[in-house]
Chemist: 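Structure in structure tokens, see below.
Please read these numbers as outputs of a predicted model, since none were measured by experiment.
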Amino acid sequence: MDVTAGNEHRRNGNNMNPLCLQSASSLAAGIRSGELRSEDVVRAHIHRLQVVNPTLNLVVRDRFEAALSEARAADSRLAMEGPDGLPPFHGVPCSIKESFALEGMPNTAGLVSRAGHIATRDATAVARLRAAGAIPLGVTNVSELCMWMESHNKLYGRSRNPYDPGRIVGGSSGGEAGVVGAGGAPFGLGSDIGGSIRMPAFFNGVFGHKPTGGLVPGTGQFPGGSGEQLRYVTTGPICRRAEDLWPLLRAMAGPDGEDPGCREVALGDPSGVALEDLTVLDVPDNGMTPLHPSLRAAQERVVAHLASRGARVVRARIPALRDSLFIWSSMLSAAGGPSYAELLADGGSFHLGRELIRSLWGGSPFTLPSLGLALLELVPKLLPKGADKFIAKGEALKAELVDRIGPRGVMLYPSYAEPAPRHRMPLLPPTRWAYTCILNVMELPSTQVPLGLDGRGLPLGVQVVGIHDNDHVTVAVALALEKAFGGWVPPPR
């Protein structure tokens, strides 16, 4: 389906409340002006979630009554103090990935052994969003321990895609992106160590931004990183409208005194980026994992549009990208911190072979993809010389990408090998997420941009990648592409 057909879906949508179509920024402006009440905005999104969640299983614990109380307090504050001095997202609802601590909400990352674990304080990013005026509606589903591309675990079950419930929402921020894509929240909070913001945003037709490594603190997540991993695990926004990406990123960025991997960065300004001054590096695939024709065609449309706006396009193939999975796993393993098997054990005992056997008849408390990842992490340890080779190749690739993209450039790169696959199909083969994971160990910023729907009504999209600390450049391109291609298309169902 081309962009025109995607817009037809928008016109003939599912009669969603107009408040569930707006950006967070426009909702906040309406609340500050008195045109809207926070209580009405929050209530509209709660109603939307009550409609879709029984089918999609996106929100795993809600705080609807508390959110309505906070919305009424936001309206009272506006009446007493006036609009001046209010935070940027005053009275606007949002959702929070369950792996982030949100006071009074579960914080398990889908691990059965952590059932009943309740957060007693807010994670740094959550606290900063609330300080910016946001009102959390609840916490959303994840893949087990946030390490797979399908949001499914033995604690909360399986989440489903709002464009086709027979398909995945992605992982690990799948519940977040599903909520935003379904119209249940204008934005959400995600984290990303191998594509966990960008893949779900792609599968659900919304925007997602993986920041430069170390830009946003990850304090208060479970599982958390340590050492160099803290720059590979990133925290960022997922939203239905591109204009929210930058103010959300600004609200969350900067050291918190707890995350040693986070640093102070002088952020740029997307409004100062001129498309005609950009170099666009068009990389069609990684040379290893074939790309669905609809995604290549969508990326070509983006290339043509940016060229028409005066950007200089350079088409390239980068051979080292063929080894993305090996580079990612080797660099992540070398970064230190607890092993994946240790995280699964959660302080108890864990025997991989035994759990693999138990999983054959459904007797394991762990999902099969999770056990497969525990097996995968053994590869660098079994082949230490090979791991050293891939780490060196990764450092060389990072230097090559920075040189090729440049300070006034972006790279266009696929988000995944195909539009949202059916449930369980990411296992066949389990390598198609190589398009996102490589950028984590490169520590490069990447913005996922929706590009309408295909002939089956499934979202299309592309990654816009920049060099370190050039997050404003990728966001600027996302804003331009939203104007050209329409951005988020509300699901027709």
Chemist: Counting neighbours of CZ on R77 that are heavy atoms of other residues, nucleotides or ligands and sit closer than 6.0 Å, is the number greater than 12?
Modeler: yes
Chemist: Tell me which pairs pass salt bridge (Lys or Arg N to Asp or Glu O under 4.0 Å) where either residue lies in residues 120-148, with sequence neighbours left out.
Modeler: E70-R130, R121-E258, D122-R130
Chemist: Sequence neighbours excluded, which residues qualify as side-chain contact (heavy atoms from CB on, under 4.5 Å) partners of A480?
Modeler: L275
Chemist: Of all residues at least two apart in sequence or in a different chain, which pass the side-chain contact (heavy atoms from CB on, under 4.5 Å) check with A251?
Modeler: A132
Chemist: In chain order, what residues pass the salt bridge (charged side-chain N to carboxylate O under 4.0 Å, His left out) check against R231, with sequence neighbours excluded?
Modeler: E228, E443
Chemist: I'd like to check the side chain to side chain donor-acceptor pair (under 3.5 Å) partners of T234; sequence neighbours left out, ordered by chain and number.
Modeler: none
Chemist: Quick check: closest heavy atoms across S191 and S173, and the distance to 0.1 Å?
Modeler: O-OG, 3.1 Å
Chemist: Give the minimum heavy-atom separation between L444 and I467, together with the two atoms involved.
Modeler: CD2-CA, 3.9 Å
Chemist: Considering residues at least two apart in sequence or located in another chain, which fulfil the side-chain contact (heavy atoms from CB on, under 4.5 Å) criterion with I118?
Modeler: R61, P106
Chemist: Can you check side-chain contact (heavy atoms from CB on, under 4.5 Å) on L439 and V465, steps first, answer last?
Modeler: CA-CA 8 Å; L439 299 176; V465 184; 3.6 Å; yes
Chemist: Is it true that, when you exclude H292 itself, more than 12 heavy atoms of the residues, nucleotides or ligands shown sit nearer than 6.0 Å to its NE2?
Modeler: yes
Chemist: Partners of S69 by side-chain contact (heavy atoms from CB on, under 4.5 Å), sequence neighbours excluded?
Modeler: R72
Chemist: Enumerate the residue pairs fulfilling ring-ring contact (aromatic ring centres under 6.0 Å, His included) with a member in residues 77-109, sequence neighbours excluded, ordered by first and then second residue.
Modeler: F89-F187
Chemist: To the nearest 0.5 Å, what is the distance between CG (L49) and CG (D62)?
Modeler: 8.5 Å
Chemist: Hey, could you give me each pair passing salt bridge (Lys or Arg N to Asp or Glu O under 4.0 Å) that has a residue in residues 472-486? Not counting sequence neighbours.
Modeler: none
Chemist: Taking all non-hydrogen atoms of both residues, which atom of A101 and which atom of N107 are closest, and how far apart?
Modeler: N-ND2, 3.9 Å
Chemist: I31 and V41: side-chain contact (heavy atoms from CB on, under 4.5 Å), yes or no, with the steps?
Modeler: CA-CA 9 Å; I31 291 169; V41 173; 4.3 Å; yes
Chemist: If you measure from CD on Q50 to CZ on R43, what distance do you get to the nearest 0.5 Å?
Modeler: 9.5 Å
Chemist: Looking at every heavy atom in both P223 and C146, which two are closest together, and how far apart are they?
Modeler: CD-SG, 4.3 Å
Chemist: Counting the benzene-type ring for Trp, do F485 and H305 have ring centres under 6.0 Å apart?
Modeler: yes
Chemist: Hey, could you give me the NE2/CG distance between H423 and D164, rounded to the nearest 0.5 Å?
Modeler: 7.5 Å
Chemist: Distance-only check: which donor-acceptor pairs under 3.5 Å involve side-chain atoms of residues 133-141, not counting sequence neighbours?
Modeler:
residue, atom, partner, partner atom, Å
T140, OG1, I96, O, 3.4
T140, OG1, E176, N, 3.3
T140, OG1, E176, OE2, 2.6
N141, OD1, N153, ND2, 3.0
N141, ND2, G157, O, 3.1
N141, ND2, S159, OG, 3.1

Chemist: Going by the side-chain hydrogen bond (donor to acceptor under 3.5 Å, both in side chains) test, name the single residue among T436, D192, T447 that passes it with R198.
Modeler: D192
Chemist: Listing request: all salt bridge (Lys or Arg N to Asp or Glu O under 4.0 Å) pairs with a residue in residues 259-276, at least two apart in sequence or in separate chains.
Modeler: R263-D469
Chemist: Measuring from L332:CG to W328:CH2, what's the distance to the nearest 0.5 Å?
Modeler: 5.0 Å
Chemist: Treating E98 as the side-chain partner and V142 as the backbone partner, does any N or O pair qualify as donor plus acceptor under 3.5 Å?
Modeler: no
Chemist: Is any side-chain heavy atom of N204 less than 4.5 Å from a side-chain heavy atom of N161?
Modeler: yes
Chemist: Can you give me the closest heavy-atom contact between A28 and P88, atom names plus distance?
Modeler: CB-O, 3.2 Å
Chemist: Show me the pairs that pass ring-ring contact (aromatic ring centres under 6.0 Å, His included) and involve residues 189-220, at least two apart or across chains.
Modeler: F203-Y416
Chemist: Flag the pair R315 and D282 as a salt bridge only when some basic side-chain nitrogen lies within less than 4.0 angstrom of an acidic carboxylate oxygen.
Modeler: yes
